[in-house]
**Student:** 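Below is one structure. I have some questions about it.
Quantities reported herein were computed from a predicted structural model and do not represent experimental measurements. Below, read A as the first sequence line, B as the second, and so on, with proteins coming before strands; counting in each chain starts at 1.
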4 protein chains.
Amino acid sequence: MVDDTLLESGNQKIEWARNHMPVLSIIRDGFASEKPLKGCRIAMALHVEAKTAVLVETLASGGAEIAITGCNPLSTQDDVAAALDTRDNVSCYAKNDVSKDEYYEAIDRVLDIEPNIIVDDGADIIHKIHTERQNLLPNVIGGCEETTTGVHRLMSMSENNALKIPTIAVNDALTKFLFDNRYGTGQSTWDAINRTTNLLVAGKDVVVAGYGWCGKGVAMYAAGLGANVIVTEVNPVRALEARMDGYRVMTMDEAAELGDIFVTTTGNVSVLTRDHFKLMKDGVILANSGHFNVEMNLEELESMAHSIRKVKSNIKEYNLKTHRINVIADQQTVNLAAGDGHPAEVMDMSFSNQALCVRHLVDNDLDIDVHAVPPEIDTYIAELKLKVLGIEIDELTTEQEKYMREWEHGT
Amino acid sequence: MVDDTLLESGNQKIEWARNHMPVLSIIRDGFASEKPLKGCRIAMALHVEAKTAVLVETLASGGAEIAITGCNPLSTQDDVAAALDTRDNVSCYAKNDVSKDEYYEAIDRVLDIEPNIIVDDGADIIHKIHTERQNLLPNVIGGCEETTTGVHRLMSMSENNALKIPTIAVNDALTKFLFDNRYGTGQSTWDAINRTTNLLVAGKDVVVAGYGWCGKGVAMYAAGLGANVIVTEVNPVRALEARMDGYRVMTMDEAAELGDIFVTTTGNVSVLTRDHFKLMKDGVILANSGHFNVEMNLEELESMAHSIRKVKSNIKEYNLKTHRINVIADQQTVNLAAGDGHPAEVMDMSFSNQALCVRHLVDNDLDIDVHAVPPEIDTYIAELKLKVLGIEIDELTTEQEKYMREWEHGT
Amino acid sequence: MVDDTLLESGNQKIEWARNHMPVLSIIRDGFASEKPLKGCRIAMALHVEAKTAVLVETLASGGAEIAITGCNPLSTQDDVAAALDTRDNVSCYAKNDVSKDEYYEAIDRVLDIEPNIIVDDGADIIHKIHTERQNLLPNVIGGCEETTTGVHRLMSMSENNALKIPTIAVNDALTKFLFDNRYGTGQSTWDAINRTTNLLVAGKDVVVAGYGWCGKGVAMYAAGLGANVIVTEVNPVRALEARMDGYRVMTMDEAAELGDIFVTTTGNVSVLTRDHFKLMKDGVILANSGHFNVEMNLEELESMAHSIRKVKSNIKEYNLKTHRINVIADQQTVNLAAGDGHPAEVMDMSFSNQALCVRHLVDNDLDIDVHAVPPEIDTYIAELKLKVLGIEIDELTTEQEKYMREWEHGT
Amino acid sequence: MVDDTLLESGNQKIEWARNHMPVLSIIRDGFASEKPLKGCRIAMALHVEAKTAVLVETLASGGAEIAITGCNPLSTQDDVAAALDTRDNVSCYAKNDVSKDEYYEAIDRVLDIEPNIIVDDGADIIHKIHTERQNLLPNVIGGCEETTTGVHRLMSMSENNALKIPTIAVNDALTKFLFDNRYGTGQSTWDAINRTTNLLVAGKDVVVAGYGWCGKGVAMYAAGLGANVIVTEVNPVRALEARMDGYRVMTMDEAAELGDIFVTTTGNVSVLTRDHFKLMKDGVILANSGHFNVEMNLEELESMAHSIRKVKSNIKEYNLKTHRINVIADQQTVNLAAGDGHPAEVMDMSFSNQALCVRHLVDNDLDIDVHAVPPEIDTYIAELKLKVLGIEIDELTTEQEKYMREWEHGT
């Protein structure tokens, strides 16, 4: 029995998102008239909130049948999930605050659709279909992966010859990672931290672990909020870049003593451990903005804690006697678990890539490999986005095109 | 009958705030041992949320009896109000979402305490005691005013010889307006807008009306979020300053056509009117960060609207047929009506000024006038704040002090 | 015998400056037709470079007779001085790279004009006329002072009852210090340091001593160049402000070990001493952007040095065996001694204040005191500047003016 | 006959640069002991100024014999050229302010060394050896190209099957373009414009043509100087990025009317033409920061001009009757023709890539193609740079390395 208030709230959120995703709307209009996904069954695991619902609507309007679940135990918005489930040809199995077992159980339900296409965020469906549900592989035309971490997993599978289906690294489209990972993660991470803590960022030392595109965004927005930013990295080029961008760069051992707020964006495991927790100042705030909840070793933190209690909605305090450490949302991706995820306009580009890549998989017969998003899709989305923003740009003149082709013209 | 969940939530918020207001805590410890406000009755109208509760606790610990209500119909947090009301010697009359009548009715209840001291935010209590409740004036030692708008009202009263009690312009302390109005309003205004809209600020044209300290903060944080900022002003020096800070400056008639988000911070009336609404783009967002809900002429907007509906929590859409205009929180002060107000650390300084100014009123016999915060209070708070931040600064050497006194030393 | 090349170069610079000082040009046109300074003799000590020449032309066009010299031994541009000396009713005694004796000798020459008006920058003329040349005091109508340091000296004189003439603190006009001291000093200080050192600022720790308006500017532009900025202060409110602006704040003892570039802007003496020089890193760069060359104790540095040599135009290296310290322009005000001083557009406002304040002194009979620039002059200059920038701003409506006067209107 | 003053000045500049290029110094020490370039003849065309001299010294210390000339008619510093020519095994043919014929004549002289290795900046030597001097091709082991424009020419040659030697795109090393093109071009372009114009950037509309790495740098530093930045682009993804970075984006037709300062960084021809000159405001400043002096169509500008005159050192004014247009350094690369080129620390990385790539060519037998800089060179330089900066970074733990290799680990 569906709750009407929940439905109303979910539908309201979806409508708001849809109104702020004009590129995806143009693509949906095309899908609705051409039906390029007719007969196609799609299994999806994404953060089930309003922007994702607009992608699902788009794929459904192209003729597909869809089963969807969440890609994170804490990121589902139940009102949106309820509303999505009422759509034609869409089954939604996502629920907020599920156990690990329930999480994977839902992925199994989604796989029961016997998909031709997989749309994944973190590669949990793709992983399952390559292990426990291999019998489903023959139906699969291909998969699209949304995020850096998932692409990284696919690359590892490919290197280990474990990959059995064509995939597209949607994350690596320019119109995805340059915008979504940087401005999207940047704004929404701080939106989540600010609304959860109600603390002033100005005048604080903020430690950002990782200076990839997400880390760059988190650092840039932290500076915009008046923080003094410290970056930790394992990659020397990125470390130099962070330094030239005006930040302090050091090891986490050094940073642990200095930070007031720590944000992890590395995509790696155990970036914050016992050795760091021990050194931290009283009252520090820890948040993870990477895909998986593994960047802080919370088992170690728990074992060090004298007591643990909830001190505010979404904040758990670990009392180490000498000092207290506050963890937001149990280190689940903070912008989703303690916020509403990326801003709509950024997902407009990311999910336009998803929609067009799903179609690209259907229209073409790709090799088993991790493929780049075709450049013409990237450019098309950038052009549409400029158009909906009302921005006109220059075109190369004939003289300029000729000049660019030539090598004769020198000093 | 008090709801336990409400109490728990309120107490949790207050504890969190208290832990992040270390300067006020030091002052409270002093008050608790000296009881400088013993026998004093204080009538207060402030935004009733967690930081305010910590101020109330501080004044109560100094020996005062307190009656408090809200200073804005939409800014009260009911859980905090409930928790506050359970404190010894504190009566809280604030409720969220009250009518204008209920709002002023609560001010009357607060005045029934027959106050010696008034702590006001917007000068609504002080106004009432000078008009309908003049009989209470003889008891009053003085009043403290929190905000630019309220100070402006007191100044007008003073110029019109209408002021009958000594008052202190707490807003005008350096440790108040330089921090609270700029970083506090800046961060919390965008926290509120972002959590309410879930839209990307980067790539948008943001129009900030007014370039006082609040406007400076709102513009600075907008730029930090990647906005292209347009400032409107009536003061030529401020207009020039905005231009030199890298923003575009123009009349609102010009800006109305360009903006994607409008934030008003002028403290004045009808900054956005029919003429501007008419010119705006489809889907613009309007928010007020000034004290009173008068900066946009919403009566005119209503009269122009074909239909009005709620499109998202805290957002009302006015459909003008040609285009739609979204207003956040009915133009109530956005960081409070759609957020949690200023960050705790900023209120730590603002409310330390309040606490010490209340004591200053009690300890001294001030003239009937609008007084500045004594510089020694300002400096003391700045010194304490540096101390709790762990920052040490230089002191003038004897040689330097001598040099500063001299006029003989030239080229 | 005047060198033609020198004259041509000087006149070229003056013309360029004049073309970029449109507000002063409007004032000059008014002066030329009204001749408000007819019969007036003006003694001036300013940095003699192109922008100053345009002020001199303006005063001369108003009917004054002028004698001018430099206000710093190293800031005079000889080509401009030569060109200026050819103007009708102008005698220029300034020369670059003069000894202290020559410097004061030139001030004496300027005083020989028996001035009615003094225009000073650092108060060296005013000092001399109050000490060695007191016989000239009876002729003097008043003086204008350009800079924070000079105003500070006048205030000390006034407090010590030593001041004998009316003076105007031109520095304290909003259209002066908010722009000249911040953007002017900020840009030109880094212009000078960059052109002198050809080093990368990004990735460096820059220590700014003092966070007044000049220090704020120097810090802001350093951050804009990618530096990680450390601020030292003696004033707790300013120290807090620097911290909230995202900088690190500490004592100079701590900063001495960390900085790559040090810029002093305190207006005080011995901000960098033996104790700091000792701690510095090898190869640090020191520059002074305060008015007088006293902020670093170079005597102490010399006494510590094993050897001293010029390593690049305008850079002297002090070799302390353990490490080397580079000082730019012998700590003379760096933007003038190693650059071309403030940008023209900023001096347009500063010198418009000078021109109108000179006239104000002539037109009015002021008390012996340090007077503020009349607000109407400030506003007039801001309005003219907006006009020449092509910027239109809003005006208060009748409704708004009424609202601002009222105190009745509350929630 | 060599001028001693010239030599002294040149040597002083080289020493200063050398002291600020610690990574290259480490490489030189290695070269000096190993002599990896023994017997190698190198033809070079680079901007002959101090940093380049340090590269030449490094290659010479590795055992090479070197002939060098400039790569731009206006960028040579004659004192450095003179000093360089006195070095053992180095012949310098560069002179400042040469005609096109003299420029190519010097390239011929350099080629007379019958080079094994070419180090080029803009590909003028490589072009000549593929056209007029093809007889020299058999001796050539390979070439290194410094800049985006030159790499672009090599790519065109390769696509047209015109390339006959192995080349390395030094420009495309991460430790080159991420730093040199962005921070180097950014800082030095504005250093040059500011020292040449002495105008205030704050409050101006600055138009940056092109948003590649150089354009990103020029825009970022312009914003740091308080400009309001407008970007023009032909690439939609870059255009979007500029917009999200907070800038206005539009066509040059629109920008032409708005800009106060224009900086071209496109690497293309005729970005500013008659149509734009016509629309510009009176007194605009034009500067080119791209490699070749072709980005503005100055022939068209000349033909439109009523008169042309030098108004300041390095500035030519074109008077179009209706308005005046100021061009800096005849649109030669502004940071070199009107400044001292990139800061030393940035060239430390760029030229370390050159030195190690020259060695890489000698040590390996590469195919005829445009090769990337080997990643191990890139990483090695980044690691050395961090080391000389005193920055330590984290290393992957065993647990983390394992995690990064795995694909099993999911939610």
**Student:** Taking all atoms of both residues into account, what is the closest heavy-atom pair of Ser156(A) and Arg405(D), and its distance?
**Tutor:** OG-O, 3.2 Å

**Student:** Checking Glu392(A) against chain D: side chain, backbone, both or neither under 4.5 Å from a heavy atom?
**Tutor:** both

**Student:** Tell me, with the steps shown, if Glu395(A) and Val234(D) meet side-chain contact (heavy atoms from CB on, under 4.5 Å).
**Tutor:** CA-CA 5 Å; Glu395(A) 284 176 42; Val234(D) 294; 5.9 Å; no

**Student:** For Tyr403(A), look at atom OH and say whether over 12 heavy atoms of other residues, nucleotides or ligands are found less than 6.0 Å away.
**Tutor:** yes

**Student:** Checking an interface table here. Which of residues 100-108 of chain A come within a heavy-atom distance under 4.5 Å of chain D?
**Tutor:** Lys100(A), Tyr103(A), Tyr104(A)

**Student:** Is chain D contacted by the side chain of Val294(A), its backbone, both, or neither, given a heavy-atom distance below 4.5 Å?
**Tutor:** side chain

**Student:** Between chain A and each of Glu383(D), Lys385(D), His152(D), Lys128(D), count heavy-atom pairs under 4.5 Å; write down the option with the most.
**Tutor:** His152(D)

**Student:** Measuring from Asn268(D):CG to Lys402(A):NZ, what's the distance to the nearest 0.5 Å?
**Tutor:** 12.0 Å

**Student:** Using 0.5 Å steps for rounding, measure from the CE atom of Met244(D) to the CD atom of Gln187(A).
**Tutor:** 10.5 Å

**Student:** Can you list every pair that meets salt bridge (charged side-chain N to carboxylate O under 4.0 Å, His left out) and has a residue in residues 234-246 of chain D, with sequence neighbours left out?
**Tutor:** Arg182(A)-Glu241(D), Asp205(B)-Arg243(D), Lys216(D)-Glu241(D), Glu233(D)-Arg238(D)

**Student:** When rounded to the nearest 0.5 angstrom, what distance separates CD1 in Ile393(D) from OH in Tyr211(A)?
**Tutor:** 14.0 Å

**Student:** Does any heavy atom of chain D fall under 4.5 Å from the side chain of Leu389(A), the backbone, both, or neither of them?
**Tutor:** side chain

**Student:** For chain A, find which of Ile391(D), Thr397(D), Asn160(D) contributes the most heavy-atom pairs closer than 4.5 angstrom.
**Tutor:** Ile391(D)

**Student:** Roughly how far, to the nearest 0.5 Å, is OG of Ser270(D) from CD of Gln400(A)?
**Tutor:** 6.5 Å

**Student:** If the contact rule is any heavy atom under 4.5 Å from chain D, which residues of residues 247-254 of chain A qualify, in numerical order?
**Tutor:** Val249(A), Met250(A), Thr251(A), Met252(A), Glu254(A)

**Student:** side-chain contact (heavy atoms from CB on, under 4.5 Å) for Leu178(A) and Val237(D)? Distances and angles first, verdict last.
**Tutor:** CA-CA 9 Å; Leu178(A) 283 180; Val237(D) 172; 3.9 Å; yes

**Student:** Tell me every residue that passes salt bridge (Lys or Arg N to Asp or Glu O under 4.0 Å) with Asp121(A), counting only those two or more places apart in sequence or in another chain.
**Tutor:** none

**Student:** Under a 4.5 Å heavy-atom cut-off, does chain D meet the side chain of Thr175(A), its backbone, both or neither?
**Tutor:** side chain

**Student:** In Å, rounded to the nearest 0.5 Å, how long is the span from CG of Leu174(A) to CG of Leu240(D)?
**Tutor:** 10.5 Å

**Student:** Can you say whether Met155(A) sits under 4.5 Å from chain D via the side chain, the backbone, both, or neither, judging by heavy atoms?
**Tutor:** neither

